[in-house]
Amino acid sequence: MPAAGSGSRLGGGEPKAFAHIHGRSLLVRSLETIISSGVATTVVVAAPEDFLLRAREEIDSVTERMNTSIPITAVAGGKDRTDSVQIALKHVSNAEVVLVHDAARCLTPPDVFRRVHAAVLSGAEAVVPVLPMIDTVRRAVVHPATGSSTTAGDDTGVDRTSDGIVRSIRRDSVAETTVDRPNNSDPAAVVGTAGPYAVVRGDLDRAHLRRVQTPQGFRAMTLLRAYEHHGTDDVVTAEGEESGEDLDAVRAAVPTDDAGLVERLGIEVVAVAGDEEALKITYPLDRILGEHLARLRDAGTDSGRSGSSGSSESIGSSRNGEISGSGTEGDPR
């Protein structure tokens, strides 16, 4: 469980995993769900180094209250999400199946964990929970009049071609930007402007788009191999040849999630149904929604859960086993 994000976009002055919604931290609520799902035999939490003691105290409180014998370990996370997951993987070397779950999605229902786990056990090498895209999506472009330009792998979390056209906004998270914007607004909206306004062109067919959530499940050896190959020259060269992009730009690109790393190996990523309650607590508005859902859940009230993607489908598949490109998000802290 990556839980080392600073929470700067959420506010509150402490790492996001320790922010509270309805009386309990995101870390505690995530652990409660993982334990309740029944799929975990070991849990490793990658927490901020300065908050390791607090993380261990919260872990102890959860294990005692839920009377679980599942080993739960807290380790110091890395400089970004990718590093944190790679560090955590060193502590599950004997596992056959690994699920990676963001602490920020602390209200993910246990059934989502079970669906992902079952799909991996049935033979899939990589599995992600998804939801349909409900908004209209357009491509953000750099406006010619501004003379500005951006490249793949910058800090907006948007994957672009060399001429600044957004090729894709990967999955459902974006990195921070220094551009002034309202709270809860999407940084991707400010790439390319005409005066104070963003320039967007064309509709993307949302019937073919999915919002991707966590937990993401993998055959352990597959995920380990993906991390071993991350940033190596063979992967970078293959992606550069396929996309036609500068190799330095490809090398600098950070995949948005663990499925993105596996996809670079040419492995198909299989989708199972996600859940609307598995929202990512990133902005203050997310916290308000999470507080409401947590209050209903703690009271034993039906929160009116809705929306799923269907049981199974293939996304992000590679052609003839070739390594395919992946987008950039940066660390969503």
Side-chain angles (χ1 to χ4, degrees), residues 1-37 40 42-66 68-93 95 98-108 113 155 157 173-176 183 213-216 227 254 256-258 278-291 293-294 298 329-333:
M1 185 198 305
S6 66
S8 57
R9 290 176 290 178
L10 184 63
E14 62 182 351
K16 180 164 44 176
F18 300 98
H20 280 226
I21 56 171
H22 201 231
R24 300 203 294 285
S25 71
L26 274 60
L27 173 59
V28 166
R29 287 187 176 275
S30 292
L31 289 172
E32 290 171 347
T33 296
I34 291 170
I35 294 169
S36 298
S37 72
T42 301
V43 180
V44 181
V45 177
E49 186 171 9
D50 293 342
F51 284 77
L52 274 179
L53 178 59
R54 184 169 168 186
R56 287 165 181 160
E57 290 173 347
E58 296 207 356
I59 288 170
D60 288 344
S61 71
V62 172
T63 55
E64 181 178 354
R65 177 164 44 84
M66 299 191 71
T68 181
S69 59
I70 297 173
I72 304 177
T73 305
V75 299
K79 68 182 187 322
D80 56 31
R81 185 187 187 282
T82 302
D83 279 353
S84 293
V85 175
Q86 193 163 21
I87 290 169
L89 283 173
K90 295 177 182 178
H91 295 265
V92 289
S93 57
V98 173
L99 271 61
V100 183
H101 182 60
D102 293 335
R105 296 186 186 273
C106 63
L107 296 174
T108 302
F113 286 82
D155 66 356
S173 55
V174 292
E176 288 183 273
N183 288 339
Q213 303 177 317
T214 67
Q216 299 184 359
Y227 270 94
V254 179
T256 64
D257 57 12
D258 304 283
L279 75 162
K280 187 176 182 181
I281 309 294
T282 302
Y283 295 111
L285 179 59
D286 302 325
R287 191 172 188 172
I288 293 171
L289 294 173
E291 182 80 19
L293 287 172
D298 293 349
E329 171 186 15
D331 181 35
R333 297 188 180 187

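Note that the structure is a prediction, hence the values are computed from the model and not measured.
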J.: Looking at residues at least two apart in the chain, or sitting in another chain, which of them share a salt bridge (Lys or Arg N to Asp or Glu O under 4.0 Å) with Glu14?
T.: Arg54
J.: Return yes if a side-chain donor-acceptor contact under 3.5 Å exists between Thr214 and His101, otherwise no.
T.: yes
J.: Just how far is it from atom OG1 of Thr63 to atom CG of Leu31, taken to the nearest 0.5 Å?
T.: 9.0 Å
J.: Within a strict 4.5 Å, meaning less than it, do heavy atoms of the Leu10 and Tyr283 side chains meet?
T.: no
J.: Can you name the closest pair of heavy atoms from Lys79 and Asp83 and give their distance?
T.: NZ-OD2, 2.7 Å
J.: So, using salt bridge (Lys or Arg N to Asp or Glu O under 4.0 Å) as the criterion, who are the partners of Asp60 when residues are at least two apart?
T.: none
J.: Please check: side-chain N/O of Asp80 versus main-chain N/O of Thr82, any donor-acceptor pairing under 3.5 Å?
T.: yes
J.: Using every non-hydrogen atom in the two residues, find where Val92 and Val98 come nearest and quote the distance to one decimal.
T.: CG2-CG2, 4.4 Å
J.: Only counting residues at least two apart or in another chain, list the ones meeting side-chain contact (heavy atoms from CB on, under 4.5 Å) with Leu52.
T.: Ala47, Arg56, Ala74, Ala76
J.: Taking Lys16 for its side chain and Ile281 for its backbone only, find out whether a donor-acceptor pair lies under 3.5 Å.
T.: yes
J.: For the residue pair Pro48 and Phe18, what are the closest heavy atoms and their distance?
T.: CD-CE1, 4.1 Å
J.: Sorted by first residue and then second, give each salt bridge (charged side-chain N to carboxylate O under 4.0 Å, His left out) pair with at least one member in residues 18-29; sequence neighbours left out.
T.: Arg24-Glu32, Arg24-Asp298, Arg29-Asp298
J.: Which is it for Met1 and Val44 under the side chain to side chain contact (heavy atoms under 4.5 Å, CB included) test, yes or no, and what are the steps along the way?
T.: CA-CA 6 Å; Met1 185 198 305; Val44 181; over 6 Å; no
J.: Can you name the closest pair of heavy atoms from Ile34 and Ala40 and give their distance?
T.: CG2-CB, 3.7 Å
J.: Thr108: which residues meet the side-chain hydrogen bond (donor to acceptor under 3.5 Å, both in side chains) condition with it, sequence neighbours left out?
T.: none
J.: Mind listing the closest non-hydrogen atom pair of Ala19 and Arg287 along with its distance?
T.: CB-NH2, 3.9 Å
J.: Hey, what do you get for CG (Asp257) to CG (Asp102), rounding to the nearest 0.5 Å?
T.: 8.5 Å
J.: Who are the side-chain hydrogen bond (donor to acceptor under 3.5 Å, both in side chains) partners of Asp258, not counting sequence neighbours?
T.: Arg81, Tyr227
J.: List the steps and the verdict of side chain to side chain contact (heavy atoms under 4.5 Å, CB included) for Leu293 and Leu279.
T.: CA-CA 10 Å; Leu293 287 172; Leu279 75 162; 3.7 Å; yes
J.: Which residues pass the salt bridge (Lys or Arg N to Asp or Glu O under 4.0 Å) test with Glu291, not counting sequence neighbours?
T.: Arg295
J.: Using modelled atom types and a 3.5 Å cut-off, is there a donor and acceptor pairing between side-chain atoms of Ser84 and backbone atoms of Gly78?
T.: yes
J.: Enter the distance from Ile72:CD1 to Thr42:OG1 here, rounded to the nearest 0.5 Å.
T.: 9.5 Å
J.: Can you list the residues that meet the side-chain hydrogen bond (donor to acceptor under 3.5 Å, both in side chains) rule with Ser30, with sequence neighbours excluded?
T.: none
J.: With side chain to side chain contact (heavy atoms under 4.5 Å, CB included) as the test, would you mind laying out the steps for Arg65 and Ile35 before giving the verdict?
T.: CA-CA 11 Å; Arg65 177 164 44 84; Ile35 294 169; over 6 Å; no
J.: Taking only residues two or more places apart in sequence, or in another chain, which ones meet Ser36 in a side-chain contact (heavy atoms from CB on, under 4.5 Å)?
T.: Met66, Pro110
J.: Taking atom CD of Glu57 and atom CZ of Phe51, what is their separation to the nearest 0.5 Å?
T.: 11.5 Å
J.: Applying the side-chain contact (heavy atoms from CB on, under 4.5 Å) criterion to Val43, which one of Ile70, Val62, Leu99 satisfies it?
T.: Ile70
J.: What's the shortest heavy-atom distance between Cys106 and Ile21, and which atoms?
T.: SG-CD1, 3.6 Å
